[in-house]
Amino acid sequence: MRLSEYFLPTLKETPAEAQIVSHRLMLRAGMIRQASAGIYSWLPLGFLVLKKIERIVREEQDAAGCQEMLMPTIQPAELWRESGRYDDYGKEMLRIRDRHERDLLFGPTNEELITEIFRASVKSYRALPKLLYHIQWKFRDEVRPRFGVMRGREFLMKDSYSFDIDFESAKRSYNKMFIAYLRTFHRMGLKAIPMQAESGPIGGDMSHEFAILAETGETGVFCHRDLLGFEVPGDDLDYGSDLQPIVDKWTSLYAATDDKHDTAREPELGEALVKARGIEVGHIFYFGAKYSKPMGAFVTGPDGAEVAVEMGSYGIGVSRLVGAIIEASHDEAGIIWPEPVAPFAYGVINLKADDPTCTDVCEKFYRALGSDALYDDRDERAGVKFADMDLVGLPWQIVVGPRGVKNGTVELKSRKTGESEEMSIDSALNRVTG
RNA sequence: CGGGGCGUGGCGCAGCCUGGUAGCGCACCUGCUUUGGGAGCAGGGGGUCGGAGGUUCAAAUCCUCUCGCCCCGACCA
């Protein structure tokens with residue numbers, strides 16, 4: 001993309017309403033624009049990042065055997081009356097009435113709808129297990145939205161739902177999602193800690209919150225040091241195999257958020273205790289027949305008896321992750337994108353746009369890199385270009401200036417380390433396209 | 001939902017207390033000079049001061065109501 005043509009409204013100054021760093025940087029880097037409290041438009045750059053994150057989430061869900069679908073944002077109130085949540089959910093649920101005076105709502109989550117879909121067509125245990133997910137906008141009318149996209153009212157969430165015939169099978173589904181989450185966050189360059197969370201109505205330990213470590217995170221994380229070094233299952237993972245040992249390993253050590261932290265356990269952890277800040281980016285839980293029973297999602301078991309299906313749900317805050325990644329990866333100058341989620345891998349900086357030689361070299365890189373590059377071809381001063389490129393935070397900057405070009409060289413600079421390497425044009429081309 | 005704060009060109013702010021018809025920096029447009037880390041000079045465009053009532057000869061400024069946004073606390077992907 002040529003910056004001269006790109007819609008990238010960067011700001012030198014920070015809008016007054018933005019308090020935390022990710023919000024400030026997202027506004028300054030021209031990623032988002034607030035439409036209303038907790039509701040944002042995603043501008044081209046922000047949207048690219050959102051899509052990259054979404055893709056990683058999707059790939060990992062698919063790999064775990066979860067099937068993608070799409071449910072609507074607007075749901076009928078009737079289903080929520082069946083589960084009893086229409087009254088329980090309170091003011092956080094945005095209620096809507098259509099022209100026929102029918103009660104509708106903007107979905108804050110989809111347990112009811114998916115359960116309805118399931119019950120309508122699945123009648124036998126033979127069709128189980130099933131894992132379904134969608135990535136859709138949610139609306140929760142938070143009393144106090146804040147922190148930009150980190151706690152918006154409208155947000156993009158990946159929510160998966162599992163259906164199993166019994167607890168043992170439900171546990172297998174749970175484990176698949178547990179591991180898919182580890183892999184998902186890992187691929188985004190994040191260190192996510194699974195922490196035991198409030199157990200659902202069924203009890204047990206089948207609920208985990210995934211928090212990523214970030215200095216500016218809002219929740220305190222207390223965990224065993226070794227948890228940070230645990231290896232995340234690689235691409236060779238077979239989801240059909242027994243995943244329990246992996247989950248057992250990851251849940252064997254102490255990990256809690258501040259509100260669940262037990263200070264009495266600190267002495268036994270001793271030196272191994274890590275106190276850090278974190279941001280919740282995922283939450284998985286098993287809730288048995290909580291919805292299937294009242295909503296009549298029954299299947300016939302092998303013995304001919306009807307049983308309510310065992311369910312679980314698994315959420316990832318996709319739009320929140322954009323902010324969370326920035327919280328975890330930035331400096332004074334701006335964002336530092338981990339490569340897998342970067343809107344562009346390379347920023348080509350033409351330091352002298354009116355110098356034909358510089359421009360020729362830049363065009364060469366731009367042609368070779370295609371959609372991987374954001375090419376600053378603007379007629380601006382070098383300082384402006386460096387500042388904007390640092391702010392936007394692309395992992396690699398290819399700096400093309402008259403000084404180097406005269407000797408046939410360009411600079412390849414890492415946004416993260418700030419290290420710059422001067423090399424010949426050809427070897428630079430080989431490096432970035434290789 | 002309780003407590004606090006703020007609404008003045010795209011962004012950051014001053015002016016309000018003590019009413020007299022709107023200003024600064026950045027950004028934008030034109031020209032010249034500049035050109036490896038947010039340039040200089042000159043010229044220029046853009047705001048019915050969140051909205052509605054009221055007081056007054058006169059309201060950004062005082063009064064009333066209202067809408068929006070932000071912060072602190074309780075809740076959440």
Side-chain angles (χ1 to χ4, degrees), chain A residues 9-20 23-24 27-28 30 33-39 53 57 89-93 107-110 133 135-160 181 184-185 192 197-198 207-212 218-219 257 259 278-285 313-324 332-334 349-355 358 376 378-391 397 399-406 409-411 413 418 420 422:
Chain A
T10 57
L11 301 172
K12 204 148 119 185
E13 283 171 295
T14 307
E17 76 265 15
Q19 291 302 309
I20 63 161
H23 191 195
R24 281 204 286 258
L27 288 169
R28 287 194 52 212
R33 164 119 189 134
Q34 181 168 324
S36 173
I39 303 177
I53 291 172
V57 170
Y89 218 93
K91 291 191 169 178
E92 269 201 15
M93 187 156 75
T109 177
N110 288 60
Y133 78 101
I135 299 173
Q136 177 65 290
W137 293 91
K138 305 293 187 290
F139 195 92
R140 293 184 190 172
D141 201 358
E142 299 269 349
V143 194
R144 194 186 153 208
R146 58 185 134 168
F147 304 147
V149 299
M150 298 266 290
R151 183 168 315 165
R153 290 193 291 171
E154 188 185 60
F155 57 95
L156 188 60
M157 179 164 108
K158 186 286 298 177
D159 41 323
S160 311
Y181 276 34
T184 301
F185 300 126
E198 209 65 57
S207 177
H208 287 87
E209 260 182 53
F210 287 76
I212 63 151
E218 18 166 4
T219 47
T257 54
D259 48 327
I279 300 164
E280 186 185 352
V281 289
H283 200 148
I284 60 177
F285 44 92
S313 73
Y314 316 87
I316 289 180
V318 176
S319 50
R320 171 181 281 187
L321 270 167
V322 181
E332 302 72 39
I349 303 179
N350 188 346
L351 289 181
K352 202 164 165 58
D354 58 359
D355 177 321
C358 282
D376 192 345
R378 295 175 303 171
D379 183 20
E380 286 287 352
R381 299 171 64 83
V384 174
K385 295 188 174 192
F386 282 126
D388 272 343
M389 205 55 90
D390 285 350
L391 172 63
Q397 299 176 358
V399 183
V400 180
R403 228 158 53 189
V405 162
K406 210 185 312 177
T409 67
V410 297
E411 287 155 52
K413 185 178 173 185
S420 178
E422 185 162 351

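Only a predicted model underlies this, so the values are computations on that prediction, with no experimental measurement involved. Throughout, a chain's letter reflects where its sequence line sits, starting with A, and its residues are numbered from 1.
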[N] versus [M] - spacing of their [atom1] atoms, nearest Å:
N: G15(B); M: C62(B); atom1: P; answer: 12 Å
N: G51(B); M: G10(B); atom1: P; answer: 13 Å
N: G2(B); M: A74(B); atom1: C1'; answer: 9 Å
N: G23(B); M: G45(B); atom1: P; answer: 12 Å
N: G54(B); M: G12(B); atom1: P; answer: 33 Å
N: C32(B); M: G36(B); atom1: C1'; answer: 23 Å
N: G7(B); M: C28(B); atom1: C1'; answer: 24 Å
N: C16(B); M: C63(B); atom1: P; answer: 14 Å

Take atom [atom1] of [X] and atom [atom2] of [N], then tell me their distance rounded to the nearest Å.
X: R381(A); N: G36(B); atom1: CZ; atom2: C1'; result: 10 Å
X: D376(A); N: G38(B); atom1: CG; atom2: C1'; result: 12 Å
X: R403(A); N: U35(B); atom1: CZ; atom2: C1'; result: 12 Å
X: L27(A); N: C70(B); atom1: CG; atom2: P; result: 11 Å
X: D355(A); N: U34(B); atom1: CG; atom2: P; result: 16 Å
X: Q19(A); N: C69(B); atom1: CD; atom2: P; result: 16 Å
X: I39(A); N: C70(B); atom1: CD1; atom2: P; result: 10 Å
X: K385(A); N: U34(B); atom1: NZ; atom2: C1'; result: 15 Å

Categorize [X] for me: base, sugar-phosphate, or nothing, with a 4.0 angstrom heavy-atom threshold over every strand shown.
X: Q397(A); answer: nothing
X: S36(A); answer: sugar-phosphate
X: A18(A); answer: nothing
X: K158(A); answer: nothing
X: A387(A); answer: base
X: D390(A); answer: base
X: P108(A); answer: nothing

Which nucleotide, in any strand shown, forms a Watson-Crick or G-U wobble pair with [N], with both distances under 3.5 Å?
N: C41(B); answer: G31(B)
N: A77(B); answer: none
N: A58(B); answer: none
N: A22(B); answer: none
N: C65(B); answer: G51(B)

Contact list (N/O, under 3.5 angstrom) for nucleotides 74-77 of chain B vs protein:
residue: A74(B); atom: N6; partner: R146(A); partner atom: NH2; Å: 3.2
residue: C75(B); atom: N4; partner: R146(A); partner atom: NH2; Å: 3.0
residue: C75(B); atom: N4; partner: R151(A); partner atom: NH1; Å: 2.9
residue: C76(B); atom: O2'; partner: R140(A); partner atom: NH1; Å: 3.0
residue: C76(B); atom: O2; partner: R320(A); partner atom: NH2; Å: 3.4
residue: C76(B); atom: N3; partner: R151(A); partner atom: NH2; Å: 3.2
residue: C76(B); atom: N4; partner: R151(A); partner atom: NH2; Å: 3.2
residue: A77(B); atom: OP2; partner: E280(A); partner atom: OE2; Å: 3.4
residue: A77(B); atom: O3'; partner: E280(A); partner atom: OE2; Å: 2.8
residue: A77(B); atom: O2'; partner: V281(A); partner atom: O; Å: 3.1
residue: A77(B); atom: O2'; partner: G317(A); partner atom: N; Å: 3.1
residue: A77(B); atom: N6; partner: G152(A); partner atom: O; Å: 2.9

Under 3.5 Å donor-acceptor, [X] side chain and [Y] backbone:
X: Y181(A); Y: Y314(A); result: yes
X: K138(A); Y: K158(A); result: no
X: R140(A); Y: P108(A); result: yes

*Would N110(A) and Q136(A) count as having a side-chain donor-acceptor pair, cut-off 3.5 Å?*
no
What I want to check is whether an N or O donor and acceptor connect the side chain of [X] with the base of [N] at under 3.5 Å.
X: Q34(A); N: G68(B); answer: no
X: K413(A); N: G37(B); answer: yes
X: R28(A); N: G38(B); answer: yes

*Out of C69(B), G37(B), G38(B), which has the shortest distance to the side chain of K12(A)?*
G38(B)
*In sequence, state the C-alpha distance, the side-chain angles, and the governing distance for I20(A) and R146(A), and then conclude on side-chain contact (heavy atoms from CB on, under 4.5 Å).*
CA-CA 9 Å; I20(A) 63 161; R146(A) 58 185 134 168; over 6 Å; no
_Step-by-step side-chain hydrogen bond (donor to acceptor under 3.5 Å, both in side chains) determination, S207(A) to H283(A)_ = CA-CA 7 Å; S207(A) 177; H283(A) 200 148; 3.3 Å; yes
*Would you please test F386(A) and L351(A) for side-chain contact (heavy atoms from CB on, under 4.5 Å) and show each step?*
CA-CA 9 Å; F386(A) 282 126; L351(A) 289 181; 3.6 Å; yes
*Does G12(B) have OP1 or OP2 sitting under 4.0 Å from an N or O in the side chain of T14(A)?*
no
*Does the distance from a Lys or Arg side-chain N to an Asp or Glu carboxylate O, for E218(A) and R151(A), drop under 4.0 Å?*
yes
_Which residue is it: I212(A), L321(A), T219(A)? I am looking for the one with a side chain to side chain contact (heavy atoms under 4.5 Å, CB included) to I279(A)._
I212(A)
*By nearest nucleotide on RNA chain B, pick out whichever of P15(A) and G383(A) is the more 5' one.*
P15(A)
*For the pair F210(A) and E280(A), evaluate side-chain contact (heavy atoms from CB on, under 4.5 Å) and give the outcome as yes or no after the intermediate values.*
CA-CA 6 Å; F210(A) 287 76; E280(A) 186 185 352; over 6 Å; no
_Over 12 foreign heavy atoms within 6.0 Å of CG, D379(A)_ = no
Show me the protein contacts with nucleotides 6-10 of chain B, counting only N or O atoms at under 3.5 Å.
none

*Start with the C-alpha gap between R28(A) and T14(A), add the side-chain angles, then the distance that decides, and say whether side-chain contact (heavy atoms from CB on, under 4.5 Å) holds.*
CA-CA 6 Å; R28(A) 287 194 52 212; T14(A) 307; 3.4 Å; yes
